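Down below is the structure, laid out as structure tokens.
Quick caveat, the model's predicted, so the values are computed rather than measured. Positions are given from 1, in the same order as the sequence printed here.
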Amino acid sequence: MTDQESDRRPKYQRIADELRSAIQSGTFTPGDRLPGENDLMATYDVARMTARQALSVLRDEGLTEARKGAGVFVRSFRPLRRRGIPRLAHDRWGDGRSVWSADIGERSLVVDQIEVTPETPAGPRVARVLGLGSPDDPVCVRSRRFVLDEKPVLLSVSYLPAGLAEGTAITEPDTGPGGTYARLAERGHRPARFREEIRCRMPTAEESVRLDLGFGTPVILISRTAVTEAGVAVELNEMTLDSASYVLEYDFDA
């Protein structure tokens, strides 16, 4: 883009670009306070609304956060690196570890807003993915929110054939060491293969509230199906991720 073209952009966008560059170069580091509206008004000779819009751009991109009565600060939250392949390896959950252990290291993860429905009709979409005979066939539904370092990052809803979950900890809020996949393996239905579909969209109003999203922040949708060696689908897991909180990493041999 030429300087002339750049000058055609709104003033608030040019200010946001300069602040973003300062953050990316390390001039402002995580936890640092950015110039406030009054500072930007004086520095760039702009109206308060323009200064406010510039700061809003950075907030909506997930780079900054506003602290009531204190100002706008560079966001100190470290994006979560989701290691798509090693996190699902059998030697992880088979040893009683959570699939999350591949992603978070020593960081603090809390699972809240847990809802478990042992039996409910699957519906056409879930029945099709799980290969059930009818949309009326029952499934166990597990809904959770994952909070990392006190920041909501993911909403997850799992669907499993009710017969596979019945009588196991899958129907309880805490599924025990190794989680759902370890419990399925104990019943002779060990997942041997996973398929994930990824897409993006803007969040619903409910998703924005539950994930505490800044205005304009999209979500990443990951739909994962777990399949046994015999080719039987045993779980559909639909996840909604805060896009500003994640880096998706896939490392595999050529």
Inset, instruction - List the steps and the verdict of side-chain contact (heavy atoms from CB on, under 4.5 Å) for S223 and R199. - result: CA-CA 9 Å; S223 178; R199 55 193 181 91; over 6 Å; no
Inset, instruction - Evaluate the criterion side-chain contact (heavy atoms from CB on, under 4.5 Å) for residue pair T64 and R59; output intermediate values, then yes/no. - result: CA-CA 5 Å; T64 65; R59 181 202 64 200; 3.7 Å; yes
Inset, instruction - Test L34 against V74 for side-chain contact (heavy atoms from CB on, under 4.5 Å), laying out the working first. - result: CA-CA 7 Å; L34 290 182; V74 179; 4.0 Å; yes
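Taking all atoms of both residues into account, the shortest heavy-atom contact from L55 to L19 is CD2-CD1, 4.1 Å. Taking all atoms of both residues into account, the shortest heavy-atom contact from P135 to A127 is CA-CB, 3.9 Å. Here the closest non-hydrogen pair linking P177 and R183 is O-NH1, 2.8 Å. Of all heavy-atom pairs between T175 and I170, the closest is CG2-CA, 3.9 Å. Residues A162 and P118 share a closest heavy-atom pair of CB-O, 3.9 Å. Minimum interatomic distance between T225 and A233 (heavy atoms only, all atoms of both residues): CG2-CB, 4.0 Å.
Under the rule for a side-chain contact (heavy atoms from CB on, under 4.5 Å), the partners of T204 that lie at least two apart in sequence or sit in another chain are R201, E206, E207. Checked against side-chain contact (heavy atoms from CB on, under 4.5 Å), A205 has no partners two or more places apart in sequence or in another chain. In this view, R195 and E197 satisfy the side-chain contact (heavy atoms from CB on, under 4.5 Å) rule, not counting sequence neighbours.
Other residues sharing the hydrophobic cluster of V139, ordered by chain and number and joined by side-chain separations under 4.5 Å: V126, V129, L130, L132, V141, V157, Y159, L236. Within the hydrophobic cluster formed by Ile, Leu, Val, Met, Phe, Trp and Tyr side chains joined at under 4.5 Å, directly or through other members, V247 stands alone, with no partner residue.
Between the side chain of R48 and the backbone N or O of M41 there is no donor-acceptor pair closer than 3.5 Å. T29 places no side-chain N or O within donor-acceptor distance of the main-chain N or O of G26, the cut-off being under 3.5 Å.
With values rounded to the nearest 0.5 angstrom, L154 atom CG is found 7.5 Å from L211 atom CG. To the nearest 0.5 Å, atom CG of residue D242 and atom OG1 of residue T217 are 6.5 Å apart. Atoms OH and CG, on Y44 and D39 in that order, are 10.5 Å from each other to the nearest 0.5 Å. The structure places CD of Q113 at 4.5 Å from CZ of R210, a figure rounded to the nearest 0.5 Å. Separating the CZ atom in R82 from the CD1 atom in I220 is a distance of 9.0 Å, to the nearest 0.5 Å. Rounded to the nearest 0.5 Å, atoms OH (Y181) and CG (N237) are 5.5 Å apart.
Screening residues 118-139 for side-chain hydrogen bond (donor to acceptor under 3.5 Å, both in side chains) gives R125-E238 as the qualifying pairs, with residues at least two apart or on separate chains.
Looking at D17 and R20, a side-chain N of the basic residue comes within less than 4.0 Å of a carboxylate O on the acidic one, giving a salt bridge. Taking the charged nitrogens against the carboxylate oxygens, E65 and K151 have no contact shorter than 4.0 Å, which rules out a salt bridge.
The hydrophobic clustering, which links ILVMFWY residues whose side-chain heavy atoms are closer than 4.5 Å, places Y250 and Y246 together. I15 and V72 end up in the same hydrophobic cluster when Ile, Leu, Val, Met, Phe, Trp and Tyr side chains are linked at under 4.5 Å. M239 and V116 fall within the same hydrophobic cluster, where Ile, Leu, Val, Met, Phe, Trp and Tyr residues are linked whenever their side-chain heavy atoms come under 4.5 Å apart, directly or through other members. Under the 4.5 Å side-chain heavy-atom criterion for grouping Ile, Leu, Val, Met, Phe, Trp and Tyr, L148 is not connected to L213 through any hydrophobic cluster. Note: the hydrophobic cluster containing L155 also contains L221 (ILVMFWY, side chain heavy atoms under 4.5 Å, direct or indirect links).
Heavy atoms from other residues, nucleotides or ligands lying under 6.0 Å from CD of E37 number more than 12. The neighbour count for D112 CG, taken as heavy atoms of other residues, nucleotides or ligands under 6.0 Å away, is above 12. With a 6.0 Å radius and a threshold of 12 heavy atoms from other residues, nucleotides or ligands, E115 has its CD atom at or below the threshold. By the 6.0 Å contact criterion, CD on E150 is open, its count of non-hydrogen atoms from other residues, nucleotides or ligands being 12 or less. Atom CE of M49 is surrounded by 12 or fewer heavy atoms from other residues, nucleotides or ligands within 6.0 Å. Applying the 6.0 Å contact sphere to CZ of R67 captures more than 12 heavy atoms from other residues, nucleotides or ligands.
L164 places none of its side-chain heavy atoms less than 4.5 Å from the side chain of R187. By the 4.5 Å heavy-atom criterion applied to side chains, V219 and S243 are not counted as neighbours.
Judged by distance alone, the side chains of S156 and R142 never bring a donor and an acceptor atom under 3.5 Å apart.
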